[in-house]
Number of protein chains: 2
Amino acid sequence: MCLSMQSTDQIPHPVIRRLPKYLVHVQELREDGVEWASSQDIADALGLTSSTVRQDLSHMDLRGISKKGYETSQLEAVLRQVLGADIMHHVVIIGAGHLGRALAEHGAFARRGFDIGALFDQDESLIGKSYGAVQVMSMDELATQADKMQIDIGIIAVPSAAAQEVAEQLVAVGVKAILNLAYKHVKVPAHVTVVDARIMESLQELAYALGKKSDLEK
Amino acid sequence: MCLSMQSTDQIPHPVIRRLPKYLVHVQELREDGVEWASSQDIADALGLTSSTVRQDLSHMDLRGISKKGYETSQLEAVLRQVLGADIMHHVVIIGAGHLGRALAEHGAFARRGFDIGALFDQDESLIGKSYGAVQVMSMDELATQADKMQIDIGIIAVPSAAAQEVAEQLVAVGVKAILNLAYKHVKVPAHVTVVDARIMESLQELAYALGKKSDLEK
DNA sequence: TAGATTGTTAATCGATTAACAATC
DNA sequence: TAGATTGTTAATCGATTAACAATC
């Protein structure tokens, strides 16, 4: 018997990318003691239209109520469930440079269900050191460790020249989900999901916007 | 007389988000001595279709050549120009926590035209310290410093609870472009551009993808 | 010349927005 | 009851893909 029908239908990608935004907002509302939020309330807070919010939430396993909106605690629960926020995910970071270390030391991930199990680096002089509660290991140990801890997600935090090779190493040890922080597109087999989070690209997008603005001022 | 017609037409947002990907790839090709790249070559490397590549590049101020494709050095030049990669942008980071420090110490930004002028933090005990070549200053000095260095871009690297307040402070001192790394949507006036680069959201997107995969295996 | 590849138009696909009957 | 707000259908808008004449 299948209770949650929603788990089978295909949620469009733009919707999926908005779900974390709904979650963080509705969580804040619930913590602040707000029990109900209308689609318009949520839209205003997140810079969307109420129509988009209702469409998006129609993919979730809950119903709103006329004149009241959506119950924040219920909405939070279904969003957490859909996003797998209640399951602990095992994460490794490849690259113990500034960015990799910062992520290891950043407590917020563990609090949200992402347990960072290890940092890996080529640089032998770093091996054995700890950042936060996370130890640096040799790249040679990746395969062994992948068996021990069941790695769900690999984070690529190496220089761009090494990104493709690291992606292939992660795929080789069976990692199915990769967060790529390197300024380089990586190619992986179709069964592996890659999400890019590149600060450099975001900065360049801003630089473009600034250029447009100064054009308009002329 | 206006030589670059392209600077006035409106480039669609999805195209703009792909431009940095083209730039980084074509730069690599050029450095490797590859002089020509066809739309199909570029598409294969970046996981796009050749049709998309040709459509995207039609917004740029260059022409490809039949049977050869696009000249990499020329393509790099127009992409750099459109993205403002040849102009130095002045950046400040608000929040001298792990992430803020990592960005300050990360050399790649300066190399790509983003000069990080200062870190700002509320914590008085951090003030005066340096990370990389970047000094930590008091939040009280933001307004004064904003006048001195001409700030183009502000990076929000504070805990989510403080993100909205920091956004407002940046807007108040005249910053027109904000990179938001906090796990919280910030509201700003229409004349200010915000780009989000939230690692947490990307991880949650991956967690969703993992959940879908384990559903399919059943 | 023949064939590969462009630039561009048209077709398709999909996401967002608008509209409104149902409902609390 | 009257009015606000949902869920959903239909309309609009925009992006991607396909197709193909032009061209090197």
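All chains are named by letter (A, B, ...) in the order of the sequence lines, taking the proteins before the strands, and each is independently numbered beginning at 1. All heavy atoms count here, side chains included; hydrogens, waters and symmetry mates do not. The model shown is predicted, which means the values in this text are computed figures rather than measured ones.
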**Student:** Keeping A:Asp32 on the side-chain end and A:Leu29 on the backbone end, is there a donor-acceptor pair under 3.5 Å?
**Tutor:**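 Flag not set: sc A:Asp32 to bb A:Leu29 has no pair under 3.5 Å.
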**Student:** Please assess B:Arg17 against A:Glu205 for the test salt bridge (charged side-chain N to carboxylate O under 4.0 Å, His left out), listing each intermediate value before the final yes or no.
**Tutor:** CA-CA 7 Å; B:Arg17 282 202 314 262; A:Glu205 199 182 322; 5.3 Å; no
**Student:** Can you tell me if B:Gln10 and B:His59 form a side-chain donor-acceptor pair at under 3.5 Å?
**Tutor:** no
**Student:** Which comes earlier along DNA chain C counting from the 5' end, the contact point of A:Pro14 or that of A:Lys67, where each point is its nearest nucleotide?
**Tutor:**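 Result: A:Pro14.
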**Student:** Here's a test of your reading of the structure: between B:His13 and B:Ile65, which maps to the more 5' nucleotide of DNA chain D?
**Tutor:**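 Per heavy-atom nearest nucleotide, the more 5' residue is B:His13.
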**Student:** Check whether any side-chain heavy atom of B:Ile93 sits under 4.5 Å from a side-chain heavy atom of B:Arg101, and report yes or no.
**Tutor:**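 The answer is no, as the side chains (C-beta and beyond) never meet within the 4.5 Å cut-off.
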**Student:** Between A:Ser66 and B:Gln40, which residue's closest nucleotide on DNA chain C lies nearer the 5′ terminus?
**Tutor:** B:Gln40
**Student:** Is it the case that atom CD in B:Glu168 sees more than 12 heavy atoms from other parts of the structure closer than 6.0 Å?
**Tutor:** yes
**Student:** Under 3.5 Å, side chain of B:Glu76 to main-chain N/O of B:Arg30, donor-acceptor pair present?
**Tutor:**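 A pair under 3.5 Å: no.
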**Student:** Between B:His25 and B:Tyr22, is the gap from one ring center to the other below 6.0 Å?
**Tutor:**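 Distance test on ring centres: not under 6.0 Å, no.
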**Student:** Ion pair present between B:Glu28 and A:Lys184, side-chain N to carboxylate O less than 4.0 angstrom?
**Tutor:** yes
**Student:** From the 5' end of DNA chain C to its 3' end, which nucleotides mark the outer limits of contact with chain B, defined by a 4.0 Å heavy-atom distance cut-off (strictly under)?
**Tutor:** C:dG3 to C:dA10
**Student:** Are side-chain N/O atoms of A:His90 and A:Gln150 paired as donor and acceptor at under 3.5 Å?
**Tutor:**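 A:His90 vs A:Gln150: no donor-acceptor pair found between side chains.
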**Student:** Which residues in residues 43-57 of chain A have at least one heavy atom lying under 4.0 Å from any atom of DNA chain D?
**Tutor:**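 A:Arg54, A:Gln55 - these, ordered by number, are the residues of the stretch whose heavy atoms sit under 4.0 Å from the strand.
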**Student:** Starting from Watson-Crick (N1-N3 plus N6-O4 or O6-N4) and G-U wobble pairs under 3.5 Å, report the runs of at least three that DNA chain D belongs to.
**Tutor:** C:3-24 with D:3-24
**Student:** When you check the side-chain N and O atoms of B:Gln27 and B:Glu31, is any donor under 3.5 Å from an acceptor?
**Tutor:**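 Per modelled atom types, B:Gln27 and B:Glu31 side chains form no pair under 3.5 Å.
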